[in-house]
Structures are given as structure tokens and as C-alpha cells.
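All of these numbers come straight from a predicted model, not from anything done at the bench. Read the numbers this way: they start at 1 and go in the same order the structure lists the ligands and their atoms.
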Amino acid sequence: MHVYSDPASERHVNHMAGVEAPERFPAALAGVEEAENTGVKVERRPCKPAPRSALEAVHAPAYLEHLEELSASGGGYVDFDTALNSASWETATLASGAAIGAVESALSGTAAFAVARPPGHHAGRAYGMGFCLLNNAAIAARHARSSGVERVAILDWDVHHGNGTQDIFYADGEVLYLSVHQSPFYPGTGDAREVGEGRGQGFTANVPLPGRSGEDLYAEAFAGFFIPVLREFRPGLILISAGYDAHTADPLGGMRLKSASFGRFAAQLAALAREIGAAPPALLLEGGYNLNALTESVAATIRGVEEEAPAWEYSGDVRPIEAARSTLAPFWKSLR
Ligand SMILES: [Zn+2]
């Protein structure tokens, strides 16, 4: 496992969002150490800021200039809960660079985790919101595409729907975006009926779950939806938008996952990647606001990727994910 991180991740302070705090970074790194202490081999890699061309492959040049100038002038707001300080531009471009590094490691055969902040999945082509400035997952996906990977999937298990990632790829069919999230909940998007448009039809797949859902319902989403669709799509690379705010201890999310749940998700996806001959997964940190839960969950995720997949409790009860299955069935044989 390669871990991409930079101490700059602690320098971005979003005054409007106390929970998306600098302390999340050492807490996540403590999870990397915890995995190491239980025998996982981890190699730490430095990150470089994402090159402008990689940022412009996803974001509008004027939006990037706005962020850079706002940060250079000392900071400001791009949304009611999303603020920058003087370090934010550098920190955000390093987070995107970490995601690119993770893709390069994965494509050369080693699973990787970009442990960086701020998160990215609410940021769209020309907007930042929900603590997110640059969409690291989208930047990583486009980087993988330009490196010659024909089919790229992003699986987003953050408790919030990744509206920004969905928006960026909604009409182009270039990347398969899969999300499981709490609904109804911030940011209000992610209905099962949002399936993409034009050439993108069928390449957005949302599994909204009610609040208080636990690992049993997530198991249905993985075994009854994500895994069959991914097996049919046969991506060359699976990117994971790894948010940990669906943890039962999270102050924002209302779900009931345990730290070990994330290890099971990661193990399923790593096993699938091996089965279909894809690169090992590249993971990127999104949300997760209880520091202890973040540490434990990151550790569980890394162990899940590196160890054999444990048995998966799957009842075959598709009722909780029926809306997603029936809506996407016209596009995916494996759901019929
Ligand atoms: Zn979140």
C-alpha cells in the first residue's frame, strides 16, 4: 500500500466548518500507522501539487483563478460552509496531486490511499461547496483516462451524495459513478432516478439509503448492486471516494456503520479488482468527522485492501435497493 500525504494538509483551515478541521489529517494518518502496526506494509510517498492541466481537465479556468486569488489574498468564502485561508490553494492542489499519485501507484500495480484534505466530491466544474474546493476524485479519474485507462469507475461511500462528481461526469459516459449515501440528506441530490444523460445515461448509479442504515443494508447495496454492475462494466481502475461519515459515531452522518464495515467494503472491491484484472484500488479521503472513528476506519480500510476478503453477510433481500436496481436495470444486464 502506498500512502500519499503532505504535511500541508493541516494548514488549510475552513473557519466556517469546524468539523472539517486540520486535526482530521493526523487522525487519518494515525489510522495508517495502526494498519502498519498490525503488519500491513505501507510505503509513504510525497505528493506534488496537481499540474494546472490536470486541474483544468475538470475545473473551469476562471474558477481555478478565483480560488487561487482568494487564497493569495488571505482567504474568503466560496459557499456558506466552505472557506479558504492563505494556505488553502496550495493544500487543495496537493490533495489533488495526492489523488493523481494514488492513480499512478495503482496503475503500476500497488494499491494506494491519498490521505489529504480538503475533501472533494461536492466540488463541481465551477463551484465549491460542502467543504470541498477541488474534486480530487474527478481529477484522478481524468488523469487515469489520459493515462490510457479506457474504463474508470468511482465508488463513493461517503454518507453524503457526491453531487460534484456526479455533475462532472453526468453527460459524458466516460466514467461510471456509483454512490451509496444517506437520503434525504445534504446536498439533496443522489436520487436513484438520476442516471446520467445523453451518452452518460446509465453511467451514474445512486443507491440512496434511509438514515440509521447499518452494514446489513450496505451489504445489499454492494452485493446486490455495485459488485454486479462493476463486474459487467469491467473497469481498468476503481477509484474509491472514501468518506467515513457514515460511521455510527460521526457527528454529521446518521448511519450506523462500524469501523470494520469499511474494511469489508474495501476488501470486496479489492477482490473484485483482482477478479476482473483491474488495477488495485486507489482510495481518496473524503469526509469523516469523528477523529477516533476516522483513525479506526482508515486502518480497517487499509487492512481490507491488503488482506483476503472476509465472508460477506448478504441476505439477497433487495427491497432496500429496489429503486436503484429497477431504475438502472435497462442499462445493466446484471440487474435484470
Ligand atoms: Zn460526507
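Closest approach between the Zn ion (ligand 1) and any N/O/S atom of Asp158 involves OD1. For Asp245, the N, O or S atom closest to the Zn ion (ligand 1) goes by the atom name OD2. Taking the Zn ion (ligand 1) as reference, the nearest N/O/S atom within His160 carries the name ND1.
Looking at Thr189 and His161, their side chains do bring a donor and an acceptor atom within 3.5 Å of each other.
The heavy-atom pair separating Asn206 from Tyr177 by the smallest distance is OD1-CE2, 4.3 Å.
The Zn ion (ligand 1) has no N, O or S atom of His122 inside 2.8 Å of it.
The backbone N or O of Gly74 sits nowhere less than 3.5 Å from a side-chain atom of Ser86 that would complete a donor-acceptor pair.
Around the CZ atom of Arg44, the shell of radius 6.0 Å holds more than 12 heavy atoms that belong to other residues, nucleotides or ligands.
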